[in-house]
*Asks:* 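Sharing a structure below in structure tokens format, with a few things to ask.
First the proteins, then the strands, lettered A, B, ... as listed; each starts at 1.
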There are 2 protein chains.
Amino acid sequence: MSQPTLRQTSGGRTRLSPEQRREQLLDLGVKLLAHRSLDELSIDLLAEEAGISRGLLYHYFGNKHAFHEAVVRRAADDLIEQTAPPVDGEPMERMLTSLSAYLDYVVDNHEGYLSLVKAAAGGNETLREIYEEARSALNGRVFREDAQGDIIPDTPATRLVVRGWSAMVEELVLSWIAEPRGVTREELLEIMAASLPAIVEVTPGR
Amino acid sequence: MSQPTLRQTSGGRTRLSPEQRREQLLDLGVKLLAHRSLDELSIDLLAEEAGISRGLLYHYFGNKHAFHEAVVRRAADDLIEQTAPPVDGEPMERMLTSLSAYLDYVVDNHEGYLSLVKAAAGGNETLREIYEEARSALNGRVFREDAQGDIIPDTPATRLVVRGWSAMVEELVLSWIAEPRGVTREELLEIMAASLPAIVEVTPGR
DNA sequence: TGGCGTTATTGAAAAAGTGTCAATAGAGTG
DNA sequence: CACTCTATTGACACTTTTTCAATAACGCCA
């Protein structure tokens with residue numbers, strides 16, 4: 001089906017620097033874990049795809065779960081890093097910029113994002129924490145960009161509502177990517193951006 | 001840590017009717033799968049907790065995944081069954097009733113609901129289908145008699161938006177249960193109910 | 001260029017977990 | 001009190017994960 005193409009040296013093993021090897025394995029992990037769950041991915045397959053022995057994976061990550069954790073952490077870091085912090089302009093404008101960057105990221109890194117989301121929802125405490133951390137960073141931006149509270153006053157109730165809104169945005173984006181239903185990119189952004197103030201508007205304790 | 005207390009017969013094995021045994025195992029499964037993923041739950045542990053041999057689990061469910069599926073299906077059926085069928089009245093009123101029943105269920109059956117949600121997010125096609133089915137049933141109750149589209153016109157864009165709203169509702173409920181933040185039950189319901197029309201209002205293609 | 005030390009990498013074997021099935025033993029029945 | 005039916009077990013085969021001593025690339029220095 002597929003043969004190893006990375007083999008630099010003729011006959012034997014390929015020796016990389018620890019950093020390179022880690023990168024390779026994490027990249028591969030993100031890709032492979034986007035569409036299957038952890039127990040549907042055998043170390044055997046992973047090792048074969050990577051062109052290494054099973055043992056090497058354990059050398060780098062200790063065990064399968066730790067590997068998964070590292071993969072998810074990497075996907076989360078990627079997300080935070082690549083959805084650049086907002087520039088300047090009106091709050092509403094900055095939010096659109098921010099959402100736009102988020103949407104682009106999910107479109108471009110669909111696999112990485114899926115790995116992250118699936119792990120968070122289906123996984124253990126640690127995995128969920130990694131996800132929560134990433135999401136907090138994202139949500140935090142919403143409040144930070146609106147320091148005066150022009151759009152969103154910072155109260156317990158609105159914090160809750162923003163969490164809910166985040167979940168909606170995530171669902172909208174993933175669902176739209178899977179099936180756009182004739183909705184354009186701009187319309188989607190409009191829906192996501194406009195719905196936050198709309199929801200906050202109907203929040204009692206605001 | 002914990003010792004089997006269910007042993008009716010003095011020395012040997014406990015014999016139940018197939019129905020009772022199935023129930024026991026499904027109940028236990030729901031509980032155990034609320035906070036860990038499937039591959040973090042060994043048949044060994046499950047059998048020990050249930051006070052049975054590993055073999056018996058296979059006798060009843062065939063294999064581990066089938067067991068998981070049965071557990072999730074049971075949680076879904078529970079949800080549908082226990083969130084009482086919709087009453088009549090104004091659309092907005094029905095929505096409140098429905099959301100209220102849903103909230104109560106999630107509060108009372110937190111573990112069952114978690115098992116369901118986690119399985120859906122992290123799992124395979126079959127598991128996701130079970131979840132989708134349950135969610136459709138729920139959404140269906142809310143919208144069945146809004147045939148005129150008084151609140152929600154039926155368009156591709158609004159379908160997408162309703163999906164998003166559902167995700168938000170789920171997140172709000174779970175998040176509120178974990179940390180109410182001073183928001184009352186009634187306020188929460190108000191937020192969830194009012195936000196749907198609010199979001200639809202700002203949807204371009206409606 | 002060729003030996004030499006460091007360490008990335010392997011392979012075989014142990015451990016852990018899943019799935020199978022003939023044998024066992026509760027519980028009702030006549 | 002046998003006798004039958006079948007829920008339940010335990011030992012065994014198979015698969016996958018994990019360990020670790022042995023191996024072999026690569027850089028370095030002569």
*Asks:* Report the distance from atom CD1 of Ile52(A) to atom P of dT18(D), rounded to the nearest whole Å.
*Replies:*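 Rounded to the whole Å, the gap is 14 Å.
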*Asks:* With a 4.0 Å cut-off, would you call Glu132(B) and Arg128(B) a salt bridge?
*Replies:* no
*Asks:* Rounded to whole angstrom units, what separation is found between the NZ atom of Lys64(B) and the P atom of dG17(C)?
*Replies:*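 Nearest whole value for this atom pair: 9 Å.
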*Asks:* Among Gln24(B), Glu19(B), Glu23(B), which one satisfies side-chain hydrogen bond (donor to acceptor under 3.5 Å, both in side chains) with Arg21(B)?
*Replies:* Gln24(B)
*Asks:* Quick one about Ser115(A) and Arg74(A) (side-chain donor to acceptor, distance below 3.5 Å, no hydrogens or angles considered), yes or no?
*Replies:* no
*Asks:* Both conditions, 6.0 Å and 45 degrees, for the charged tip of Arg159(A) above the ring of Phe143(A): are they met here?
*Replies:*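 The answer is yes; both the distance and angle limits are met.
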*Asks:* Salt-bridge test for Arg73(B) and Asp78(B): reply yes if a basic N is under 4.0 Å from a carboxylate O, no otherwise.
*Replies:*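 The answer is no: the pair does not qualify as a salt bridge.
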*Asks:* Whole Å only: how far is the CG atom of Leu57(B) from the C1' atom of dA7(D)?
*Replies:* 14 Å
*Asks:* NA contact type, Tyr60(A), heavy-atom cut-off 4.0 Å: base, sugar-phosphate, or nothing?
*Replies:*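 The answer is sugar-phosphate, as Tyr60(A) gets under 4.0 Å only of primed atoms, P, OP1 or OP2.
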*Asks:* Can you measure Ile43(A) atom CD1 to dA12(C) atom C1' for me and round it to whole angstrom units?
*Replies:*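 Rounded to the whole Å, the gap is 17 Å.
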*Asks:* Whole angstroms only, please: what is the CZ-P distance between Phe61(B) and dT8(D)?
*Replies:*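 Whole-Å distance recorded here is 12 Å.
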*Asks:* Classify Arg54(B) by what it touches in the nucleic acid, base, sugar-phosphate, or nothing, heavy-atom distance under 4.0 Å.
*Replies:*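 Here Arg54(B) touches the bases of the nucleic acid.
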*Asks:* Output the rounded distance in Å from CD (Glu48(A)) to P (dT16(D)).
*Replies:* 13 Å
*Asks:* Which part of the nucleic acid, if any, lies within contact of Phe67(B), taking any heavy atom under 4.0 Å across all strands shown: a base, the sugar-phosphate backbone alone, or nothing?
*Replies:*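 Result for Phe67(B) = nothing.
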*Asks:* On DNA chain C, compare the nucleotides closest to Gly55(B) and Ser53(A); which residue's is nearer the 5' end?
*Replies:*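 Whichever sits nearer the 5' end wins; that is Ser53(A).
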*Asks:* Where each residue is assigned the nucleotide of DNA chain D containing its nearest heavy atom, which of Pro18(B) and Leu41(A) is assigned the position nearer the 5′ end?
*Replies:*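 It is Pro18(B), whose closest nucleotide lies nearer the 5' terminus.
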*Asks:* Distance check: side-chain N/O of Arg15(B) vs OP1/OP2 of dA25(C), anything under 4.0 Å?
*Replies:*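 Answer no for this pair, as no side-chain N or O of Arg15(B) is under 4.0 Å from OP1 or OP2.
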*Asks:* Side chain of Arg13(A), base of dT23(D): donor and acceptor closer than 3.5 Å?
*Replies:*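 Indeed there is one.
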*Asks:* Could you state the CG-C1' distance from Asn63(B) to dA13(D), rounded to the nearest angstrom?
*Replies:*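 It is 17 Å, rounded to the nearest whole Å.
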*Asks:* What is the distance, to the nearest angstrom, from the OH atom on Tyr58(A) to the C1' atom on dG11(C)?
*Replies:* 14 Å
*Asks:* Applying a 4.0 Å non-hydrogen cut-off, can you work out what Leu56(A) is touching in the nucleic acid: base, sugar-phosphate, or nothing?
*Replies:* base
*Asks:* Base, sugar-phosphate alone, or nothing: which one does Ser42(A) contact when heavy atoms must sit under 4.0 Å apart?
*Replies:* sugar-phosphate
*Asks:* Can you identify which nucleotide, out of dA25(C), dT9(C), dT18(C), has its nearest atom closest to the Leu16(A) side chain?
*Replies:* dT9(C)
